[in-house]
Structures are given as structure tokens and as C-alpha cells.
Amino acid sequence: MVSAPKKAKRRQQAEGGSSNVFSMFEQSQIQEYKEAFTIIDQNRDGIISKDDLRDVLATMGQLNVKNEELEAMVKEASGPINFTVFLTMFGEKLKGADPEDVIVSAFKVLDPEGTGTIKKEFLEELLTTQCDRFTAEEMTNLWAAFPPDVAGNVDYKNICYVITHGEEKEEE
């Protein structure tokens with residue numbers, strides 16, 4: 001078995017793991033995470049610190065964040081949060097999510113005409129009566145994030161995109 005030189009192994013450990021984390025995401029997703037990392041890294045030193053988190057939260061109107069809360073956020077990482085660690089943390093959070101095409105295929109079973117939409121009432125009934133049932137609050141949050149159109153149809157492809165990419169697809 002051929003192994004990496006000791007320097008490379010030390011560098012991988014210092015960076016919070018191997019570069020395999022980059023293979024978990026599409027290039028466009030990596031770019032989006034890089035932009036988010038750059039916004040959060042307020043002092044541009046390449047590491048997200050408590051001060052960076054405090055500053056970025058303040059820009060979003062959260063002014064009275066407790067030091068303990070910031071420490072808990074930073075402690076979610078095993079060490080300093082550089083971009084590789086940041087990406088690894090997202091990879092771990094998203095690991096449970098299926099790929100977009102798998103989720104879309106599951107919705108397509110409920111859309112025999114292939115319209116890309118499902119009736120709100122039908123989806124709500126399924127989500128509140130089957131398996132891991134949604135609460136009333138979860139349904140309110142879902143409809144706030146993905147409001148049905150005037151005919152009561154929900155765009156499930158957009159829901160799938162957000163589940164796997166983290167934000168709404170921009171109109172083309």
C-alpha cells in the first residue's frame with residue numbers, strides 16, 4: 001500500500017480532513033458555499049471565528065447574541081473553521097439528504113401527468129398523515145417557504161432544489 005507523504009497527511013489533518021469533501025458537491029454548489037464563507041469571514045483571514053459570526057449576525061439584525069451561543073457554533077467544528085472545514089460541516093449536515101434526482105423521482109410518483117406540481121391539499125394530507133407526520137407549524141413553515149400558485153399547485157421541483165442546494169433556483 002502506497003501512502004501519502006507525512007507532510008501531506010499532516011496538511012490534510014490540519015485542513016480538517018481530505019479534499020474528498022469537494023467531490024460531495026457540484027462545482028456550482030462549492031462556489032455558493034465559497035461566497036457564503038467569504039461573507040461570514042468578516043475579517044478575511046481565512047478562518048471563521050466568534051467575532052466573524054458576531055459581526056455577520058449583527059449585519060442581519062441579531063445584535064444581542066450571547067458569547068455561549070457563538071462558542072457553541074464554533075465548537076461544532078473540530079478545529080479552526082477554514083473553507084475545507086466549513087464545506088465538510090455542510091457535507092455532514094446534508095449527508096442524510098438524497099440526491100436531487102432521487103427526491104424529484106419520489107415526487108413524480110405523485111404527479112402522473114408530469115406537470116411538475118402537486119395539489120397543496122394532497123401534499124398536506126400526505127405530510128400530516130403518513131410516516132414522519134408534519135405538525136401544523138411545520139406545514140405553515142412549508143407553505144411560507146413554498147407558497148402554492150393561485151390554482152393551489154405546489155412546485156415540487158423547486159422544493160427538491162432547495163432541499164439539495166439550500167436556496168431557491170434563480171429564474172432563467
Side-chain angles (χ1 to χ4, degrees), residues 4-104 106-107 116 127 132 134-148 154-172:
K6 284 184 181 177
K7 268 187 181 176
K9 281 186 180 175
R10 268 198 302 271
R11 188 173 62 239
Q12 282 181 347
Q13 288 169 343
E15 291 176 356
S18 73
S19 61
N20 286 345
V21 67
F22 291 95
S23 66
M24 293 174 61
F25 299 101
E26 296 171 18
Q27 194 59 43
S28 62
Q29 291 174 300
I30 293 171
Q31 186 57 41
E32 289 173 8
Y33 287 126
K34 184 67 175 171
E35 289 171 18
F37 180 86
T38 303
I39 290 167
I40 298 168
D41 181 20
Q42 294 278 298
N43 64 6
R44 303 292 186 258
D45 66 352
I47 302 290
I48 294 175
S49 66
K50 284 191 309 187
D51 290 334
D52 291 326
L53 290 173
R54 182 183 328 282
D55 292 346
V56 80
L57 288 168
T59 64
M60 296 187 312
Q62 295 188 12
L63 302 174
N64 298 319
V65 181
K66 293 184 179 131
N67 212 33
E68 298 80 42
E69 293 175 274
L70 296 169
E71 283 177 23
M73 289 180 204
V74 171
K75 283 182 180 169
E76 284 189 40
S78 55
I81 305 172
N82 61 21
F83 180 64
T84 305
V85 172
F86 181 76
L87 200 59
T88 302
M89 291 170 75
F90 272 96
E92 289 169 356
K93 297 277 187 211
L94 295 173
K95 210 178 270 181
D98 289 314
E100 185 176 2
D101 62 326
V102 172
I103 300 170
V104 169
F107 274 106
L127 293 174
D132 289 336
F134 275 43
T135 64
E137 181 183 1
E138 289 170 324
M139 291 310 305
T140 301
N141 292 340
L142 178 67
W143 301 140
F146 304 102
V154 179
D155 176 1
Y156 64 80
K157 289 181 180 177
N158 187 40
I159 294 173
C160 295
Y161 184 87
V162 173
I163 289 171
T164 57
H165 292 82
E167 64 181 55
E168 284 194 56
K169 201 181 277 189
E170 292 168 10
E171 294 299 317
E172 294 167 15

Using modelled atom types only, decide if a donor and an acceptor are shared between the side chain of Asn141 and the backbone of Glu138 within a distance under 3.5 Å.
no
Do Leu53 and Val65 come within less than 4.5 Å of each other through their side chains, counting heavy atoms only?
no
Ring geometry between Phe86 and Phe37 (parallel below 30°, tilted from 30 to 60°, perpendicular above 60°)
perpendicular
Is a side-chain donor or acceptor of Asp41 paired with a backbone partner of Ile48 at a separation under 3.5 angstrom?
no
Measure up the Phe22 and Phe83 rings against each other and bin them: parallel (under 30°), tilted (30 to 60°), perpendicular (over 60°).
tilted
Measuring from Arg44:CZ to Asp52:CG, what's the distance to the nearest 0.5 Å?
8.5 Å
How many angstroms lie between CD1 in Ile40 and OH in Tyr33, if you round to the nearest 0.5 Å?
11.0 Å
Val154 vs Ile159, test: side-chain contact (heavy atoms from CB on, under 4.5 Å). Steps then yes/no.
CA-CA 9 Å; Val154 179; Ile159 294 173; 3.5 Å; yes
Taking every heavy atom of Val85 against every heavy atom of Asn82, the minimum-distance pair comes out as N-OD1, 2.9 Å
I want to check something: taking the side chain as every heavy atom from C-beta on, are Glu69 and Leu57 in contact at a cut-off of under 4.5 Å?
no
Taking every non-hydrogen atom, the tightest pair across Pro147 and Ala144:
CD-O, 3.8 Å
Would you say the side chain of Leu142 lies within less than 4.5 Å of the side chain of Met139, judging by non-hydrogen atoms?
yes
Non-hydrogen side-chain atoms of Asn67 and Lys50 separated by less than 4.5 Å:
yes
Between Gln42 and Thr59, what is the shortest heavy-atom contact and its length?
OE1-CG2, 4.5 Å
Separation of Met73 CE from Arg54 CZ (nearest 0.5 Å)
10.0 Å
